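Keep in mind the model is a prediction, meaning the values are calculated, not measured.
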Amino acid sequence: MARKADKLENQEVAPQVAEQSNYVAWEQKSNVERMQSYNNYAKSILLHSVKEKKQVWNKELNAKEVDNSIPYNASTGHTFSGVDSLLLRTQAELKGYKEPQFITMQQGNFMGGKLKKALDENGNPALTRNGKEAYEQGIKIAYLEKYEYVPKLDSKGKEMTRVVKDKEGNPKLDKEGKEITEVVKEKRFLAEPKLETITLYHPSQFEGLDATKLKERNLEPLQEFRNKQKENNYDLRPKNLDNLGLDKETTNHLKNFLTSEMKGIDYTPIKSQSLNQIQSQVREQNKQEMGRGL
């Protein structure tokens, strides 16, 4: 889970670098600044799909096809919606994934998987800027973190620990035969929720993953939501799409696409015309009216 920005190795030059590049670490950003950063990230992914001519909103889909292509967490079955859905749909389209399944690093590890190492265009191991072996890259989605887990303290203010046990309830031992312990943590709600990001991966990006543990898409919660919305005419289009900084036409495409997804109806792309086409039609219409003496 990549939730923190990379830190500079040389802390002594960090202030100078930050001043020169206006770099602000993720931890130091306010929620507003974090959202601006994430919006830019989301915008870049959507624009990349436009460049590659793989926009998910350019395809005509019936209601069943809309439902069958909704991204979901393959560990829980929960579906994604809004901007998250758009980004994950786009990722699946760009990467050619047959199923829009996504899981976190931790979920993949629990299924026995290990993230694959990345390969370059020639099939050789890809390297990071630091010359280290690179791993498969995932895609980030944003969420509001309302609580955190902190060490639980005893009456004397010391961190509490407990013995780690296996599935049978037996203490786990280290190489020296000593019991393994861990710090006991408790949930603490934050005074102000923080915007965070979490990285999701496609199951195919893991090696050794037990595919039998993958769950199917669960549409029941979404269907219940749809049934409730039939009683009103609320605009279900996400307002935050306007904050991505995309052109008006693309934004309208995205809003209409997500409306189809939320309502479970057929989706048909907007048939737009260029300004030149419209002007040409107007000129032709004027000629016809002049010919008829209008």
With sequence neighbours left out, write down each residue that passes salt bridge (charged side-chain N to carboxylate O under 4.0 Å, His left out) with Asp266, or none if nothing qualifies.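 Expected list: none.
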Enter the distance from [X]:[atom1] to [Y]:[atom2] here, rounded to the nearest 0.5 Å.
X: Ser30; Y: Lys194; atom1: OG; atom2: NZ; answer: 13.0 Å
X: Arg162; Y: Glu179; atom1: CZ; atom2: CD; answer: 14.0 Å
X: Leu88; Y: Ile70; atom1: CG; atom2: CD1; answer: 12.0 Å
X: Thr79; Y: Glu220; atom1: OG1; atom2: CD; answer: 11.0 Å
X: Glu60; Y: Ser260; atom1: CD; atom2: OG; answer: 10.5 Å

Using the ring of each side chain (for Trp, its six-membered ring), is Tyr38 parallel, tilted or perpendicular to Tyr41, with breaks at 30° and 60°?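 Rings of Tyr38 and Tyr41: tilted, 30 to 60°.
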Looking at every non-hydrogen atom in both residues, tell me the closest pair between [X] and [Y] and how far apart they are.
X: Leu244; Y: Lys43; answer: O-CD, 3.0 Å
X: Leu258; Y: Gly82; answer: CD2-O, 3.7 Å
X: Leu94; Y: His48; answer: CD1-CD2, 3.7 Å
X: Trp57; Y: Thr250; answer: CZ2-CG2, 4.0 Å
X: Glu65; Y: Leu61; answer: OE1-CA, 3.3 Å
X: Ile141; Y: Phe80; answer: CD1-CE2, 3.7 Å

Who else is in the cluster with Leu195 when I, L, V, M, F, W and Y are joined by side-chain contacts under 4.5 Å?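 When side chains under 4.5 Å apart are linked, the cluster holding Leu195 also contains Met35, Leu144.
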So, [X] side chain and [Y] main chain: donor-acceptor pair closer than 3.5 Å or not?
X: Glu148; Y: Leu190; value: no
X: Asn109; Y: Gly113; value: yes
X: Asn40; Y: Gln36; value: yes
X: Asp166; Y: Glu168; value: yes

Less than 4.5 Å apart, any side-chain heavy atom of [X] and any of [Y]?
X: Leu214; Y: Leu209; result: yes
X: Pro100; Y: Arg217; result: yes
X: Met111; Y: Phe206; result: no
X: Lys255; Y: Asp242; result: yes
X: Leu115; Y: Gln205; result: yes
X: Glu33; Y: Gln28; result: no
X: Asp120; Y: Leu127; result: no
X: Arg34; Y: Glu196; result: yes

Answer with yes or no whether the side chains of Tyr72 and Gln101 bring together a donor and an acceptor at under 3.5 Å.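 Short answer, yes.
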Side chains of Glu93 and Ser49, donor plus acceptor under 3.5 Å: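 There is no such pair between these side chains.
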For the NZ atom on Lys152, are there more than 12 heavy atoms of other groups (residues, nucleotides or ligands in this structure) within a distance under 6.0 Å?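 Counting other residues, nucleotides and ligands, NZ of Lys152 stays at 12 neighbours or fewer.
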Side chain to side chain contact (heavy atoms under 4.5 Å, CB included) between Ile139 and Thr90: does it pass, once the steps are laid out? CA-CA 10 Å; Ile139 184 167; Thr90 298; over 6 Å; no
Determine which pairs satisfy ring-ring contact (aromatic ring centres under 6.0 Å, His included) with at least one residue from residues 82-123, sequence neighbours left out, and list them in order.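 Passing the test, one end in residues 82-123: Tyr97-His202.
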Step by step, would you call Ile103 with Leu200 a side chain to side chain contact (heavy atoms under 4.5 Å, CB included)? CA-CA 5 Å; Ile103 52 179; Leu200 300 178; over 6 Å; no
Is Glu207 salt-bridged to Lys114, cutoff N-O under 4.0 Å?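 No salt bridge links Glu207 with Lys114.
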